[in-house]
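The structure appears right after this line, and notes come after that.
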There are 2 protein chains.
Amino acid sequence: MARKTLDAVQLALASIDGFASAQEIHARLRETGHSLGLTTVYRCLRSMTGDHRVDFVRRDDGEGAYRFCGTSHHHHLVCRSCGDTVEVQAEAVESWAQTVGEASNFRDLHHTVELTGICASCSGR
Amino acid sequence: MARKTLDAVQLALASIDGFASAQEIHARLRETGHSLGLTTVYRCLRSMTGDHRVDFVRRDDGEGAYRFCGTSHHHHLVCRSCGDTVEVQAEAVESWAQTVGEASNFRDLHHTVELTGICASCSGR
DNA sequence: AACAATTATGAAAATGGTTTTCATTCCTGT
DNA sequence: ACAGGAATGAAAACCATTTTCATAATTGTT
Ligand SMILES: [Zn+2]
Ligand SMILES: [Zn+2]
Ligand SMILES: [Zn+2]
Ligand SMILES: [Zn+2]
């Protein structure tokens, strides 16, 4: 893989807040002038996750999502009615996840935390 | 959906140790004489996960896996290598989720928490 | 420069799990 | 028995991802 190509993908990924699917990254690349094939985007992402340069998770629908590792780790509180999103701190969860995983002798721990609810304006008052 | 069908799927699921994919459950059903279509198996599983009667997780390759489960609220620590699963208690997370949601004036809070890692036997030591 | 060998790329096809469609079968109540 | 509704499943559609393979770009050698 050409470094030039890897850099383009990394830049696109870094320009997106949070996780993005391969196809979303591909779309962003085309928006910014780069014309890379979807196949190449997949190839780069696989290489980058292998090097732990990007995080990989599965969304609920099974689609894979990628995130540049430099991005600060946080979680979201999403309104099920209007989709409004708030970023939340999760100190308590971070330490809990680590502690619980180690207690079971698991290594290389990751976690997915998704909070949902009905926001103030959607709940009427 | 007919109760008879739901029961057959639940029985098949209960006869399998740990998680099983829809197709594995379908195969088990055929082995035990029941001739249910794959479509119906998917329908039953969707209904059961909606009722929280079975747990649903995504395997590393994106395939969904199901397991018959009690009704108590809990979370999972899943090995990304062999799929082995440990149920974990999450007192700290339950209260955190509630507190964080209320702090943002959200109501009717839900949460999804998945822990993954590499289990002791898979990590080689 | 010229040329061969190696690598990178991407369009199209293949893959595979899951969902939709829709015609048919099964139930239920009258 | 009969009509109306629910349940079923084979086949087709879907869609993210992977594989193929022919072409383009790069690198190295003479
Ligand atoms: Zn976290
Ligand atoms: Zn469970
Ligand atoms: Zn394991
Ligand atoms: Zn919980």
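Per chain, numbering begins at 1; letters A, B, ... match sequence-line order.
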Q: Using side-chain contact (heavy atoms from CB on, under 4.5 Å) as the criterion, list what pairs up with A:Val100, not counting sequence neighbours.
A: A:Trp96, B:Val88, B:Leu115
Q.
Given 3.5 Å as the limit, does a donor-acceptor pair link the side chain of A:Thr49 with the main chain of A:Arg46, or not?
A. yes
**Q.** Between D:dT17 (C1') and A:Glu24 (CD): distance, integer Å
**A.** 15 Å
Q | d(CG, A:Leu38; P, D:dT19) in whole Å | A | 14 Å
Q | Distance, rounded to the nearest Å, where A:Asp60 contributes CG and D:dC15 contributes P | A | 18 Å
(Q) I need the B:Arg43 CZ to B:Leu38 CG distance, nearest 0.5 Å. (A) 10.5 Å
Q | Protein-nucleotide distance (A:Phe56, atom CZ; D:dA16, atom C1'), rounded to Å | A | 11 Å
(Q) Could you go through A:His75 and B:His111, starting from their C-alpha distance and side-chain angles, then the distance that decides it, and tell me whether this counts as side-chain contact (heavy atoms from CB on, under 4.5 Å)? (A) CA-CA 11 Å; A:His75 300 283; B:His111 63 265; over 6 Å; no
Q | Value in whole Å for how far the P atom of D:dA25 lies from NZ of A:Lys4 | A | 10 Å
Q) Rounded to whole angstroms, how far apart are CG on A:Asp61 and C1' on C:dT18? A) 11 Å
Q) For A:Arg46 and C:dG10, what is the distance between atoms CZ and P respectively, to the nearest whole Å? A) 17 Å
Q) Within the structure, does a side-chain N or O atom of B:Thr40 lie under 4.0 Å from either OP1 or OP2 of D:dT8? A) no
Q: Answer with base, sugar-phosphate or nothing: what part of the nucleic acid does B:Arg3 contact at a heavy-atom distance below 4.0 Å?
A: nothing
(Q) Let me check something: do B:Met48 and B:Leu29 share a hydrophobic cluster, defined by ILVMFWY side-chain heavy atoms less than 4.5 Å apart, either directly or through other members? (A) yes
Q. What do the steps show when you test B:Leu109 against A:Leu77 for side-chain contact (heavy atoms from CB on, under 4.5 Å), and what is the final call?
A. CA-CA 9 Å; B:Leu109 297 160; A:Leu77 171 55; 4.2 Å; yes
Q. Where the side chain of A:Arg43 is concerned, which of C:dG10, D:dT18, D:dT8 is the nearest nucleotide?
A. C:dG10
Q: Check the distance between C:dG10's C1' and A:Leu29's CG and give it to me in whole angstrom.
A: 14 Å
Q. What is the nucleic acid contact for B:Ser21, judged by heavy atoms within less than 4.0 Å: base, sugar-phosphate only, or nothing?
A. nothing
(Q) As a test of understanding, state which of B:Asp7, B:Leu6, B:Leu13 forms a side chain to side chain contact (heavy atoms under 4.5 Å, CB included) with B:Cys44. (A) B:Leu6
Distances under 3.5 Å between protein N/O atoms and the N/O atoms of nucleotides 12-17 of chain C, please, pair by pair.
residue: C:dG17; atom: O5'; partner: B:Gln23; partner atom: NE2; Å: 3.3

**Q.** Side chain of B:Thr5 - closest among C:dT18, D:dT17, D:dT8
**A.** D:dT8
